[in-house]
Amino acid sequence: MKTFRILIMCFLCTLVAQAQKQYSLTSPNGQLKTTISADKQLTYDIAFNNQEVLKASPLAMTLDNGEVWGENDKPSKVTRKSINGKVPSPFYRADELAEQYNELTLQFKGFNVVFRAYNDGIAYRFVNRTKKPFNVVDEQVMYQFPSDAEASIPYVRKAKNYEAQFFNSFESQYTNDKLSNLDKERLMFLPLIVKLENNVKVCITEVNLESYPGLYLKTNNEKGQLISEFANYPKKVEQGGHNMLQMVVKEREDFIAKIDQPRNFPWRVAIVTNEDKDLASSNLSYLLAEPSRLEDISWIKPGKIAWDWWNDWNLDGVDFKTGVNNPTYKAYIDFASKNGIEYVILDEGWAVNKQADLMQVVPEIDLVELVAYGKSKNVGIVLWAGYHAFNRDMENVCRHYSEMGVKGFKVDFMDRDDQEMTAFNYRAAEMAAKYKLILDFHGTHKPAGLNRTYPNVLNFEGVFGLEQVKWGKPGEIDLISYDAMIPFIRQVSGPMDYTQGAMRNATKENYRACNSEPMSQGTRCHQLALYMVLDSPFNMLCDTPSNYEREQECTDFISAIPTVWDETIVLDGKMGEYIITARRQGDTWYIGGITNWNARDLEIDLSFLGDKAYSGKLFKDGVNAHRIARDYKSEAIQAKKGDKMKIHLAPGGGFAFVLK
């Protein structure tokens, strides 16, 4: 009888296990594991080397017909596959990327949920299989951590009310605090970091943000919990905002997205590592993106840009008044041509103000003449465009300026990521590609994989970049600490238009905001190093040509640095403190490192070099860089595989060198 009872109990336990429908998925290297439960509520968890990283967290999608995907759903089919290969990655940090993952697909009535386990992260997404249109009322995304961990998060900028937070530029410094202490009235945008025991860090982001609202996170002050929030679909918009170039949402629908056909939804991504340098090395945002939709990319030319706006169109020693006029831009073109810089940009001011019409050019500018002059000097012209001006007449604008010879647009002031705006990004990318135009999306959210799907979109803002020093007050703006964070957080989602290259440099004590003659925080070598530390295929030289000509040695170094790479290695780093990055194009290596406001002695391990002997040039902080931030020293160097270089960095300092 006792044996019979034991058999009955085992049978019941088996039935319970089957009813719960649990499925496990492990990364190829065995370090990451997720367990998915498809019982009354679809949940998943994450373990890293047997350490609990994420407790069972629910995922669901609520439709306007009353269906809730992920609740009381049992999968009708389960499939698995494994991938181990290479992905081409033009205009990125390497010419190709290793791709290795295990995948689990749960098929339900009308939808799938796909999970992937990479060696450095777990991702999932919903997939719609139904052809009948519907609206998504809400998507439940939750992260339940095992403890009240510390997080590094970017709040959206302060707004007059909760709803107004959805109108933001995605530019914020990072707040470090316990999850339970975060402001429950403030939204956070992605990527963000949660720090667990044993130096395990979880970077939360999303990929494939096509015609679907971006994910914000917030806290309800439950310890260890972050929950989702989305901007509802715009119902009524009005022209307004900056110089009448934005569309401001006045009223929203009671749903977040319209769905009219079978489609993939965005990937929800948790990148997990216990080495900070591996976090800065993650390529998941690129690997999870949809492959390129462009067959021919031979016309896409990344490169550096001489920029006018940051330095306030300043030139000295010339015999004309500088500003938005042809003589000024011809001087910028001359500078770019002399120094091998591929582009000059005409930022805001070339089109008639407050008209939102890119066909109305100010009388001081003759674009046909400038484009022809640039062509004669082998310099391409790129035009700044406000969002509404570009969107309202997109094909006509692209056709007209492409035929004129303009090479691309920097589109600015979107400042939203609801479904209407994320759909615009893809439409703009497709239209620009049709007319062989490159794009730089300024005033926008994180990249989220768009640069792989449309490689003509070379860069994105969504970063608290160098422009902030033009108006920031001492004590309120700390770009040096921010610089030591972004390679581990914001850059995980893709390249960024940070706009480095300042030749006026200031210590922490000497910095002050100045719009017309701005200065950087930190040392000259910190600015040089950012060209290696930051991913930026379309990379600005922010300062005035006059300053670069006075600093020709630094200008020669910057102008020779590529913007796309055959290989990138993050050699060392600790989030918020320092980072060292090595990048290779051909047989030439560029290595750069930065520190926060703490002076630091770093050792660079050159074991990654090939077997040949290398020679090059080193730029390092000068002996007095702690007092005079522009102080630097350059010297010729010799190196070989296995060498270790020791370099001292001043507060806010850096170093940069090239080895051939």
Distance only, no hydrogens: is a donor on one side chain within 3.5 Å (strictly under) of an acceptor on the other, for Asp572 and Tyr578?
-> yes

Do Lys184 and Asn220 have side-chain atoms, one donor and one acceptor, less than 3.5 Å apart?
-> no

At what distance, to the nearest 0.5 angstrom, does OH of Tyr498 lie from CG of Asn539?
-> 11.5 Å

When rounded to the nearest 0.5 Å, the distance separating NE2 of His445 from CG of Asn168 is 11.0 Å

Mind checking whether Arg93 and Asn283 have side chains closer than 4.5 Å, heavy atoms only?
-> yes

Among Phe265, Phe126, Tyr426, whose ring pair (Phe, Tyr, Trp, His ring centres under 6.0 Å) with Tyr212 holds?
-> Phe265

Residue pair Asp412 / His242, side-chain donor-acceptor N/O under 3.5 Å | no

Assess whether atom NZ of Lys304 is packed by more than 12 heavy atoms of other residues, nucleotides or ligands within 6.0 Å.
-> yes

In sequence, state the C-alpha distance, the side-chain angles, and the governing distance for Tyr435 and Tyr401, and then conclude on ring pair (Phe, Tyr, Trp, His ring centres under 6.0 Å).
-> CA-CA 9 Å; Tyr435 292 97; Tyr401 287 110; over 10 Å; no

Asn505 and Gln527: side-chain donor and acceptor closer than 3.5 Å?
-> no

Rounded distance (nearest 0.5 Å) linking atom CD of Glu139 with atom CD1 of Ile256 = 6.0 Å

Mind running salt bridge (charged side-chain N to carboxylate O under 4.0 Å, His left out) on Arg583 and Asp535 for me, showing each step along the way?
-> CA-CA 10 Å; Arg583 299 183 187 262; Asp535 291 329; 2.7 Å; yes

Once you round to the nearest 0.5 Å, how far does OG of Ser520 lie from CG of Leu530?
-> 9.0 Å

Would you mind telling me which of Asp347, Asp440, Asp497 makes a side-chain hydrogen bond (donor to acceptor under 3.5 Å, both in side chains) with Lys410?
-> Asp347

Who pairs with Phe166 by ring-ring contact (aromatic ring centres under 6.0 Å, His included), at least two apart in sequence or on another chain?
-> Tyr216

In Å and rounded to the nearest 0.5 Å, what is the OG to CD1 distance from Ser536 to Ile305?
-> 7.0 Å

Would you say Glu430 has more than 12 foreign heavy atoms packed within less than 6.0 Å of its CD?
-> no

dist Ile204:CD1 -> Arg268:CZ (nearest 0.5 Å) comes out at 11.5 Å

Just checking, any donor-acceptor pair under 3.5 angstrom between side chains of Asp120 and Ser282?
-> yes

Of all residues at least two apart in sequence or in a different chain, which pass the side-chain contact (heavy atoms from CB on, under 4.5 Å) check with Gln239?
-> Met244, Met247, Ala356, His388

